[in-house]
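See structure below.
Each ligand, and each atom within it, is numbered from 1 in the order the structure gives. Note that these values count all heavy atoms, side chains included, but never hydrogens, waters or copies made by symmetry.
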Amino acid sequence: MITAIQKENILEAPFVKEMREATFNLWKLGWDERNGGNISYLLQEEEVSRYLDVNQVKRTLPLQFPVAELANKYFIVTGSGKYFKNVKGDPKNTLGIVKVDESGNNIYVLWGFEDGSNPTSELPSHFMSHIARLKVDANHRIIMHNHATNIIAMTFMHDLDEASFTKTLWQMCTECIVVFPDAIGILPWMVPGTEAIGQKTADKMKAHRLVLWPHHGIFGAGTTMDETFGLIETAEKAAQIYTIIGDSSKIKQTISDKELDALAKAFHVEPKAGILTI
Ligand code: 13P
Ligand code: ZN
């Protein structure tokens with residue numbers, strides 16, 4: 001007698017729990033007002049198949065942009081228009097598990113989005129960034145976008161040159177250069193949700209795990225939810241200090257380039273070239 005293998009409860013899956021916790025914490029921090037922000041998390045087939053029959057496709061959604069590099073890959077992703085505050089209590093309508101098909105032209109919805117909703121409108125930026133990060137980091141898994149308040153504020157007050165913006169952040173908190181020695185990439189202002197912003201974001205992701213969208217928000221990339229959250233948290237904290245200071249003429253002293261260099265050496269990180277003047 002053939003018996004179907006019993007699947008475990010998807011709501012108990014660690015990756016679903018992580019998505020529920022992260023979205024709630026991000027909302028509590030005020031960085032994901034209304035439906036602001038989105039997260040996508042690359043999953044292994046073995047992780048998903050403990051909970052789902054991966055051949056049971058609920059819906060097929062065409063992609064406007066081909067992602068052949070992600071063929072047959074699985075993601076859990078936040079839904080478009082979904083409020084982060086509600087994900088914790090309503091995961092099956094606000095989250096979805098999708099698989100990119102063998103051609104990279106469609107995605108299969110395997111679980112979630114039960115009310116007929118769709119993945120985030122920022123899917124081009126997420127998928128293209130995953131492709132870019134996987135090329136430089138085999139352990140890469142998470143792309144997170146949110147509207148971190150002070151980092152947005154800083155894009156009005158600070159010039160948008162990547163080197164000088166990064167150096168200001170590095171100077172605001174001692175830990176910054178250690179957490180993001182690869183510096184912050186900055187795009188010009190662009191219309192969100194488009195393939196064009198996805199392409200530009202992914203171009204920056206080749207060299208940076210943080211990419212700033214002026215007057216909009218930030219994208220972070222990482223190998224775990226904690227690491228990605230922590231990366232954005234660290235940049236946001238530095239930006240908060242910058243905005244609390246408010247007027248750079250008030251600054252009486254800061255961390256010098258020589259001290260930043262000593263920090264980097266002590267923590268064995270390589271600061272992006274061209275930012276420090278030693
Ligand atoms: P979604 O609701 O489509 O994820 O969009 C939110 C957002 O932050 C757009 O940049
Ligand atoms: Zn946004």
query: Are His216 and Pro192 close enough that some pair of their side-chain heavy atoms sits under 4.5 Å apart?
result: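 His216 reaches Pro192 side chain to side chain.
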query: Just wondering, do Gln171 and Tyr242 contact through their side chains at under 4.5 Å, heavy atoms?
result: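 Sidechains of Gln171 and Tyr242: no contact.
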query: Is it true that Glu21 and Lys28 make a salt bridge, defined as a side-chain N closer than 4.0 Å to a carboxylate O?
result: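 No.
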message: I'd like to know if Lys237 and Glu175 make a salt bridge, using a cut-off of under 4.0 Å between side-chain N and carboxylate O.
response: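 A salt bridge is absent here (no side-chain N lies under 4.0 Å from a carboxylate O).
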Side-chain donor-acceptor pairs of residues 80-91 under 3.5 Å, sequence neighbours excluded:
{"from": "Lys82", "atom 1": "NZ", "to": "Asp115", "atom 2": "OD2", "distance (Å)": "2.5"}
{"from": "Asp90", "atom 1": "OD1", "to": "Asn93", "atom 2": "ND2", "distance (Å)": "3.0"}

Can you list every pair where an N/O of ligand 1 is under 3.5 Å from an N/O on the protein?
{"from": "ligand 1", "atom 1": "2 (O)", "to": "Asn35", "atom 2": "O", "distance (Å)": "3.4"}
{"from": "ligand 1", "atom 1": "2 (O)", "to": "Asn35", "atom 2": "ND2", "distance (Å)": "2.7"}
{"from": "ligand 1", "atom 1": "2 (O)", "to": "Gly81", "atom 2": "N", "distance (Å)": "2.7"}
{"from": "ligand 1", "atom 1": "3 (O)", "to": "Ser80", "atom 2": "OG", "distance (Å)": "2.8"}
{"from": "ligand 1", "atom 1": "3 (O)", "to": "Ser121", "atom 2": "N", "distance (Å)": "2.9"}
{"from": "ligand 1", "atom 1": "3 (O)", "to": "Ser121", "atom 2": "OG", "distance (Å)": "2.6"}
{"from": "ligand 1", "atom 1": "4 (O)", "to": "Asn38", "atom 2": "ND2", "distance (Å)": "2.8"}
{"from": "ligand 1", "atom 1": "4 (O)", "to": "Thr120", "atom 2": "OG1", "distance (Å)": "2.7"}
{"from": "ligand 1", "atom 1": "5 (O)", "to": "Ser121", "atom 2": "OG", "distance (Å)": "3.4"}
{"from": "ligand 1", "atom 1": "8 (O)", "to": "Gly37", "atom 2": "N", "distance (Å)": "2.9"}
{"from": "ligand 1", "atom 1": "8 (O)", "to": "His145", "atom 2": "NE2", "distance (Å)": "3.4"}
{"from": "ligand 1", "atom 1": "8 (O)", "to": "His147", "atom 2": "NE2", "distance (Å)": "3.1"}
{"from": "ligand 1", "atom 1": "10 (O)", "to": "Glu122", "atom 2": "OE2", "distance (Å)": "2.5"}
{"from": "ligand 1", "atom 1": "10 (O)", "to": "His145", "atom 2": "NE2", "distance (Å)": "3.4"}
{"from": "ligand 1", "atom 1": "10 (O)", "to": "His216", "atom 2": "NE2", "distance (Å)": "3.0"}

field: Contacts of type side-chain contact (heavy atoms from CB on, under 4.5 Å), residue Leu231, not counting sequence neighbours
entry: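 Checked Leu231 against side-chain contact (heavy atoms from CB on, under 4.5 Å); matches are Val179, Phe180, Arg209, Leu210.
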task: Look only at the side chain of Glu227 and the backbone of Thr223, and say whether a donor-acceptor pair between them is shorter than 3.5 Å.
output: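 Yes, Glu227 side chain to Thr223 backbone: donor-acceptor pair under 3.5 Å.
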- prompt: When you measure from the side chain of Glu236 to the backbone N and O of Asn150, does any donor-acceptor pair fall under 3.5 Å?
  reply: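 Yes; judged by distance alone, with no hydrogens or angles, the pair exists.
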message: Between His130 and His140 (judged by ring centroids, cut-off 6.0 Å), do the two rings come close enough to count as a pair?
response: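 Centroid separation for His130 and His140: below 6.0 Å.
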task: Could you pull out the N/O/S protein atoms under 2.8 Å of the Zn ion (ligand 2), ignoring any water?
output: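 N, O, S partners closer than 2.8 Å: His145 NE2, His147 NE2, His216 NE2.
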